[in-house]
Protein chains: 2
Amino acid sequence: MSKGNLRDVIVNRLKSKGLRVTPQRFAVYANLCSRRDHPTVEQILKDLNQDFPISSQATVYTSLQALRKVGLVKEVLLEEGVSRYDANVEPHHHFHCRQCGSIKDVPWDTFDSFNLERLPYLAESYEVTIRGLCDRCTGNN
Amino acid sequence: MSKGNLRDVIVNRLKSKGLRVTPQRFAVYANLCSRRDHPTVEQILKDLNQDFPISSQATVYTSLQALRKVGLVKEVLLEEGVSRYDANVEPHHHFHCRQCGSIKDVPWDTFDSFNLERLPYLAESYEVTIRGLCDRCTGNN
DNA sequence: CTACTATCTCAGAATAATTCTAATCTCAGA
DNA sequence: TCTGAGATTAGAATTATTCTGAGATAGTAG
Ligand SMILES: [Mn+2]
Ligand SMILES: [Mn+2]
Ligand SMILES: [Zn+2]
Ligand SMILES: [Zn+2]
């Protein structure tokens, strides 16, 4: 009887990818799934351990690598020297606010009029990065 | 009487941005201008010093920062933990080959049909990153 | 041409992000 | 329950980048 709750959904996703469900790996993935802000390793680590220790730094790194290898998380590269992570692995684009630094998902169908056949390469995927001011920062100065 | 040669062009560009023209800074920018491969700091450094020492590592870093600050070079972020540099500061997109890792420029007008008004943000710029197999890697296996 | 000085360069130290090591532990299948 | 491949950990190692502070120099004013 699957209760269909979030815990079970996450456990089943890990298992279906052949990953062992360990408390640390579960915590990392669950944390990432609960957020929309594309956190860094440091932010995930701090969040996990804020009440009591759950996972070491090295384990957060290796968990993210394992999750990335099986396609449950993606890396997002928008800023110099900053690796961010995203549990949203469906194709989508990103908006990066130059003022507050926030990163927002942009729906895939925002740019659906691409003609990739013009390129002299075999294009397998693409992503658009948009920069500017987010809704909370427009109007500020 | 400008001779219009590459050396003068580069010197004038540096001066027009208010940068002092030092041998090291000249060498870094000239090297970047002569390449199409979006090199890393390490690759630039190795290239500059291959015959005899021209510039220290720290100076390559600071030169690139200075050049970036005045808009003569751009940073290109496509791979985890790798910062690449580009003297092509005109708006353009990038293709990244998953096989050989090469990075190619993609003309700006390849994607000229964007409707950025649909977004709830103030979009100031955008860039498309395409991944796949380059012309030299298609057909190989 | 010479002197001046703000800026630049450099080696080496410091910092920061990530990976490695190797000892110990544990999930999950039999 | 038993067992072993895979996971976890603290701390060391590695790698990328920045800092430091002392000496060098590009460009300018005289
Ligand atoms: Mn996202
Ligand atoms: Mn380019
Ligand atoms: Zn903002
Ligand atoms: Zn290729």
Side-chain angles (χ1 to χ4, degrees), chain A residues 7-8 10-32 38-49 52-70 72-85, chain B residues 7-8 10-32 38-49 52-70 72-85:
Chain A
R7 168 174 299 273
D8 292 338
I10 287 176
V11 167
N12 288 334
R13 276 195 210 156
L14 293 172
K15 283 184 175 170
S16 75
K17 297 293 187 178
L19 293 180
R20 280 166 65 166
V21 182
T22 66
Q24 290 81 1
R25 189 175 284 167
F26 178 93
V28 168
Y29 186 53
N31 183 264
L32 206 48
H38 306 83
T40 62
V41 169
E42 192 188 2
Q43 291 169 332
I44 295 168
L45 182 67
K46 189 179 167 194
D47 201 2
L48 289 185
N49 294 335
F52 52 91
I54 286 183
S55 175
S56 72
Q57 187 188 53
T59 299
V60 173
Y61 275 103
T62 55
S63 295
L64 286 170
Q65 258 186 294
L67 291 163
R68 191 157 62 94
K69 198 164 291 178
V70 301
L72 284 179
V73 316
K74 277 197 308 190
E75 209 183 6
V76 179
L77 300 172
L78 293 176
E79 297 154 278
E80 174 179 16
V82 181
S83 283
R84 297 179 170 277
Y85 294 89
Chain B
R7 167 172 300 272
D8 293 338
I10 287 175
V11 167
N12 287 335
R13 276 195 210 156
L14 293 172
K15 282 184 174 170
S16 76
K17 297 292 187 177
L19 293 179
R20 278 168 65 167
V21 182
T22 67
Q24 291 82 359
R25 190 175 283 167
F26 177 93
V28 168
Y29 185 53
N31 183 266
L32 206 48
H38 307 81
T40 62
V41 169
E42 192 188 2
Q43 290 169 332
I44 295 167
L45 182 67
K46 189 180 168 193
D47 200 3
L48 288 185
N49 294 335
F52 50 93
I54 285 183
S55 175
S56 73
Q57 186 188 54
T59 299
V60 174
Y61 275 103
T62 55
S63 295
L64 286 170
Q65 258 185 295
L67 291 163
R68 192 157 62 95
K69 197 163 291 178
V70 302
L72 283 178
V73 317
K74 276 196 308 187
E75 209 183 7
V76 178
L77 300 172
L78 293 175
E79 297 153 280
E80 175 179 15
V82 180
S83 284
R84 297 178 169 279
Y85 293 89

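Per chain, numbering begins at 1; letters A, B, ... match sequence-line order.
- A/L19 comes within 4.0 angstrom of no nucleic acid atom, judged by non-hydrogen atoms across all strands.
- Counting only heavy atoms from C-beta outward, the side chains of A/L77 and A/S83 approach each other to under 4.5 Å.
- Between A/T22 and B/G81, the one whose closest nucleotide on DNA chain D sits nearer the 5' end is A/T22.
- Rounded to whole angstrom, the span from the CD atom of A/E42 across to the P atom of C/dT15 amounts to 16 Å.
- Heavy-atom neighbours of A/E42 CD from other residues, nucleotides or ligands within 6.0 Å: at or below the threshold of 12.
- Atom-to-atom, CG of B/L67 to P of C/dT7 comes out at 17 Å; the value is rounded to the nearest Å.
- When the side-chain nitrogen and oxygen atoms of A/T59 are compared with OP1 and OP2 of D/dT9, one or more of them lie within a distance under 4.0 Å.
- At the heavy-atom level, A/L14 lies nowhere under 4.0 Å from the strands shown.
- Side-chain to base pairing of A/R20 with D/dA5: one donor and one acceptor N or O lie within less than 3.5 Å of each other.
- Between B/Y61 and the phosphate of D/dT17, there is a side-chain N or O to OP1/OP2 separation shorter than 4.0 Å.
- At least one side-chain heavy atom of A/L14 sits under 4.5 Å from a side-chain heavy atom of A/L72.
- Closest to the side chain of B/A58, out of C/dA11, C/dT9, C/dT18, is C/dA11.
- Considering only side-chain N and O atoms, B/S83 lies nowhere under 4.0 angstrom from the phosphate OP1 or OP2 of D/dA16.
- Looking at heavy-atom distances under 4.0 Å, A/Q57 makes contact with a base.
- Taken to the nearest 0.5 Å, the CD1 atom of B/I10 stands 4.5 Å off from the CZ atom of B/F26.
- Listed candidates were D/dT8, C/dT19, D/dT9. Nearest to the side chain of A/R25 is D/dT8.
- Across the interface with DNA chain C, nearest-nucleotide mapping of B/E80 and B/Q24 shows B/Q24 to be the residue nearer the 5′ end.
- Taking every side-chain heavy atom of B/P23 into account, D/dA26 is the closest of C/dC8, D/dA26, C/dC27.
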